[in-house]
Amino acid sequence: MRLDRPALRTISRLILAAVLSTSLSGCVTGVVMAAASLDRARQEREAQRLSRPAPREYAWATAPGVRVTGSVRLSTPGTRPVPGGGGPREVLTCEGHRVRLIPDTPHSRFVLESEYGLWVAPGGFWRNGVIPLVWEWPSVSASDVRETRCTTDGAFTFANVPDGEWLIMAEIDAPSDDGGESVTDTVLRAVTVQGRGQPVHLDVRFGGNDDASGAIQRH
């Protein structure tokens, strides 16, 4: 079958368009893959940078300070349903459990997110203990993290704490409606110490007294 020149030109254009389309598609795919690769490399470099504290990142936290007392209490949503509606709220504390006072630095936040699955969030963060948490802090900055045990009603005391931004990380009892899956949960909240030479008391609260106050969610 013979084709006239207009028909040949049309076929040539279609073939050229198909070739260009394939080439452009390949280029776009290549650009997307290259961008993704660069982003992964950037994230890896950032993780490598944050995996160790920067020089003097914790220097401020070693200055002389004051006595800090306080308590950790979490008010859960209604538990143990009763006829006609939800049951009473339950107050969980860190009584008998470990509590940490951590300098709030980029390295600390990286460790909390990557090692513990804990995020600094408004109102605090509550992590369930279904998968047990490995409590040990990385050795590269362990000496800058203070730790003690909570006493009656979740009370704690830390000595010689300088003014600054800190993070409270504490173990608490699991809620009674947990079904026995978790024994100990973990909470995290940012706090500010401003003693100016005088003792400081911190009431570290999670959740509220009513639904309108924004109850904390368990993750």
Worksheet item: Under 3.5 Å, is there a donor-acceptor pair between the side chain of Arg149 and the main chain of Gly96?
Response: yes
Worksheet, complete the sentence: Which of Trp137, Phe110, Trp135 passes ring pair (Phe, Tyr, Trp, His ring centres under 6.0 Å) with Tyr116? Answer is Trp137
Discussion item. Run the side-chain contact (heavy atoms from CB on, under 4.5 Å) test on Leu101 and Ile168 for me, step by step, so that the C-alpha distance in whole Å, both residues' side-chain angles and the decisive distance to 0.1 Å come before the verdict.
Written reply: CA-CA 5 Å; Leu101 188 62; Ile168 288 283; 3.6 Å; yes
Practice prompt. On the 0 to 90° scale, with breaks at 30° and 60°, tag the Phe125-His219 ring pair as parallel, tilted or perpendicular.
Written response: parallel
Worksheet entry | Heavy-atom pair of closest approach, residues Phe156 and Ser71 | CE2-N, 3.3 Å
Practice prompt. Please name the pair of heavy atoms, one in Gly65 and one in Asn160, separated by the smallest distance, quoted to 0.1 Å.
Written response: N-OD1, 2.7 Å
Discussion item. Do Thr148 and Val99 make a side-chain contact, defined as non-hydrogen atoms from C-beta onward lying under 4.5 Å apart?
Written reply: yes
Item to complete: Mind checking the CE-CG spacing from Met169 to Leu118? Nearest 0.5 Å is all I need.
Response: 5.5 Å
Discussion item. Less than 4.0 angstrom from a charged side-chain N to a carboxylate O is my criterion; do Asp185 and Arg218 meet it?
Written reply: yes
Worksheet item: Do you know the tightest heavy-atom contact between Tyr58 and Pro53?
Response: CE1-CB, 3.5 Å
Discussion item. Would you say Thr184 and Glu171 are linked by a side-chain donor-acceptor pair, where the criterion is simply a distance under 3.5 Å?
Written reply: no
Worksheet item: Just by distance, do the side chain of Asp163 and the backbone of Gly195 share a donor-acceptor pair under 3.5 Å?
Response: yes
Discussion item. Ignoring hydrogens, what is the shortest heavy-atom contact between Ser108 and Glu57? Give both atom names and the distance.
Written reply: N-OE2, 4.5 Å
Worksheet item: Taking atom CZ of Arg100 and atom CG of Leu112, what is their separation to the nearest 0.5 Å?
Response: 8.5 Å
Worksheet item: Taking the six-membered ring for Trp, is the centroid-to-centroid distance between Trp119 and Trp126 below 6.0 Å?
Response: no
Worksheet entry | Between CD1 on residue Ile172 and CG on residue Leu74, distance to nearest 0.5 Å | 4.5 Å
Practice prompt. Evaluate the criterion side-chain contact (heavy atoms from CB on, under 4.5 Å) for residue pair Val120 and Leu167; output intermediate values, then yes/no.
Written response: CA-CA 8 Å; Val120 179; Leu167 301 166; 3.8 Å; yes
Item to complete: Any chance you could measure Leu92, atom CG, to Ser176, atom OG, to the nearest 0.5 Å?
Response: 8.0 Å
Item to complete: List the steps, then state whether side-chain contact (heavy atoms from CB on, under 4.5 Å) holds for Arg189 with Phe206.
Response: CA-CA 8 Å; Arg189 181 152 192 167; Phe206 298 83; 3.5 Å; yes
Fill in: Gap separating the CZ atom of Arg127 from the OG1 atom of Thr186, nearest 0.5 angstrom
6.0 Å
Worksheet item: Is it the case that Glu90 and Thr76 place a side-chain donor and acceptor less than 3.5 Å from each other?
Response: no
Worksheet item: Under a single-linkage definition using a 4.5 Å side-chain heavy-atom cutoff for Ile, Leu, Val, Met, Phe, Trp and Tyr, are Val140 and Trp60 assigned to the same hydrophobic cluster?
Response: no
Discussion item. I'd like to know if the side chain of Arg205 reaches the main chain of Gly123, judged simply by a donor and an acceptor atom lying under 3.5 Å from each other, with no hydrogens or angles considered.
Written reply: no
Discussion item. To check you understand the geometry: which heavy-atom pair defines the closest contact between Pro64 and Pro162, and what is its length?
Written reply: O-CB, 3.7 Å
Worksheet item: In Å and rounded to the nearest 0.5 Å, what is the NE2 to CD1 distance from His107 to Ile102?
Response: 10.0 Å
Worksheet entry | Verdict with supporting geometry, Val193 and Val68, side-chain contact (heavy atoms from CB on, under 4.5 Å) | CA-CA 8 Å; Val193 173; Val68 172; 4.2 Å; yes
Discussion item. For Pro138 versus Val111, what's the shortest heavy-atom pair and its separation?
Written reply: CD-CG1, 3.6 Å
Worksheet item: Do Glu95 and Thr151 have a side chain donor and acceptor closer than 3.5 Å?
Response: no
